[in-house]
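Just so it is clear: chains get the letters A, B, ... in the order the sequence lines come, proteins before strands, and each one is counted from 1.
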There are 2 protein chains.
Amino acid sequence: MKHALNQKPDYEKELRKAGVRITRPRRIILDILTSTEDHPDAMKIFHRAIEIDDSISLSTVYRTMNLLEEMGAIHRHAFNGGPSRFEQAHGEHHDHLIDVDTGDVIEFQSDKIEKLQEEIARALGYDIIHHRLELYGRKSKRPE
Amino acid sequence: MKHALNQKPDYEKELRKAGVRITRPRRIILDILTSTEDHPDAMKIFHRAIEIDDSISLSTVYRTMNLLEEMGAIHRHAFNGGPSRFEQAHGEHHDHLIDVDTGDVIEFQSDKIEKLQEEIARALGYDIIHHRLELYGRKSKRPE
DNA sequence: AATGCAAATGCGAATGATTTGCAAAAAGAA
DNA sequence: TTCTTTTTGCAAATCATTCGCATTTGCATT
């Protein structure tokens with residue numbers, strides 16, 4: 001099992017290649033996304049954005065998130081049924097451990113679990129398209 | 001890995017014990033919940049309910065779902081970020097495989113995966129409160 | 001640098017899921 | 001049956017998200 005860490009891919013090139021325009025709002029939103037370690041929701045992204053340019057609208061944040069999601073540049077999560085939270089789709093697939101007290105998200109990856117999931121789906125006669133594994137936990141008192 | 005199947009616990013007793021009143025709407029909603037194999041959302045439960053008594057309101061369905069969830073009698077899921085879907089909290093814990101084409105939900109349970117999750121959480125310094133594992137898949141062409 | 005046009009934006013109104021306030025109705029104890 | 005408290009139905013409010021549309025902007029082309 002391993003931790004995942006962020007890196008900064010060049011999304012502007014990808015956007016151009018996809019035939020969409022590089023606008024000021026998009027540049028700012030991408031900047032926020034690539035320079036954060038957390039998993040912000042649309043409102044949080046919006047607030048960070050208007051600090052840089054207060055003319056950006058919430059609709060544009062939502063539209064940009066949808067665009068980036070379709071391009072596969074970000075992933076969308078709905079932890080606990082709350083509002084969508086986003087993260088850039090960097091590197092390998094990973095799952096999430098959510099701290100129920102703070103809302104913090106820790107990323108992890110386990111090949112063993114992935115393998116088991118495949119086996120289970122196969123046994124039930126299905127091919128996995130995607131999956132979601134979320135552990136909701138609390139910092140343990142005892143030392144590890 | 002095993003399938004889970006439903007049974008009918010007696011919720012009226014539990015409700016009484018929790019000090020809440022047994023009303024006609026509640027009886028009807030509980031009946032719907034205990035006699036279905038699927039994972040209906042509030043609107044679906046509402047429609048099934050008004051077929052039995054057309055005076056039942058949607059608010060009451062929502063209020064009852066919240067009540068039952070707090071009592072631990074049902075579980076709430078937000079597959080794919082859609083509206084909440086419910087199921088009675090019968091027997092053992094289980095996870096879900098969602099058919100992306102039909103929306104059907106298949107329940108399964110794997111001790112191996114549960115164990116791995118515990119290990120991972122422990123390694124990260126957390127105790128698991130609850131977790132969510134959803135496989136989104138499509139019926140495979142090849143025979144099993 | 002000026003032009004033209006499709007794509008993107010900001011705004012506010014619309015939508016869908018869910019919750020809430022409140023007066024009227026029903027449950028259960030006395 | 002009566003009394004007290006809980007629950008209900010209804011409509012309005014809330015929250016996250018999307019949509020319509022007039023206006024602005026990116027950018028390919030003069």
*Passing option when H39(B) is tested against E107(B), H75(B), R85(B) for side-chain hydrogen bond (donor to acceptor under 3.5 Å, both in side chains)*: E107(B)
*Tell me, which pairs form a salt bridge (charged side-chain N to carboxylate O under 4.0 Å, His left out) where one or both residues lie in residues 56-68 of chain A, sequence neighbours left out?*
none
*5'-most contact on DNA chain D: T64(B) or R21(B), nearest heavy atom basis?*
R21(B)
*Any N or O donor-acceptor pair linking the side chain of S55(A) to the base of dG10(C) at under 3.5 Å?*
no
_Return whichever of P25(A) or M43(B) has its heavy-atom-nearest nucleotide of DNA chain C closer to the 5' end._
P25(A)
*Report yes if at least one side-chain N or O of Y62(B) is closer than 4.0 Å to OP1 or OP2 of dT18(C); otherwise report no.*
yes
*Of the candidate nucleotides dT19(C), dA17(C), dC10(D), which contains the atom at the shortest distance from the side chain of P83(B)?*
dA17(C)
_S57(B) side-chain proximity, nearest of dA6(C), dG9(D), dT5(D)_ = dG9(D)
*asked:* Check this for me, if you would: do K139(A) and D101(A) make a salt bridge, where the nitrogen-to-carboxylate-oxygen distance has to be below 4.0 angstrom?
replied: no
*So does S59(A) get a side-chain nitrogen or oxygen closer than 4.0 Å to the phosphate oxygens (OP1/OP2) of dT9(C)?*
no
_So for R24(B) and dA26(C), does any side-chain atom that can act as donor or acceptor lie under 3.5 Å from a complementary atom in the base?_
no
_Here's a test of your reading of the structure: between G82(B) and I56(A), which maps to the more 5' nucleotide of DNA chain C?_
I56(A)
*Is there a side-chain polar atom (N or O) of S84(A) under 4.0 Å from OP1 or OP2 of dA16(D)?*
no
*asked:* Classify D41(B) by what it touches in the nucleic acid, base, sugar-phosphate, or nothing, heavy-atom distance under 4.0 Å.
replied: nothing
_Contact list for residues 64-83 of chain A, test salt bridge (charged side-chain N to carboxylate O under 4.0 Å, His left out), sequence neighbours left out_ = E69(A)-R76(A)
*Under 4.0 angstrom, heavy atoms only, what part of the nucleic acid is T23(B) near: base, sugar-phosphate, or nothing?*
sugar-phosphate
*Base, sugar-phosphate, or nothing for R26(A), non-hydrogen atoms under 4.0 angstrom?*
sugar-phosphate
*Report the nucleotide, chosen from dT17(D), dA6(C), dT9(C), that has the shortest atom-to-atom distance to any side-chain atom of T60(A).*
dT9(C)
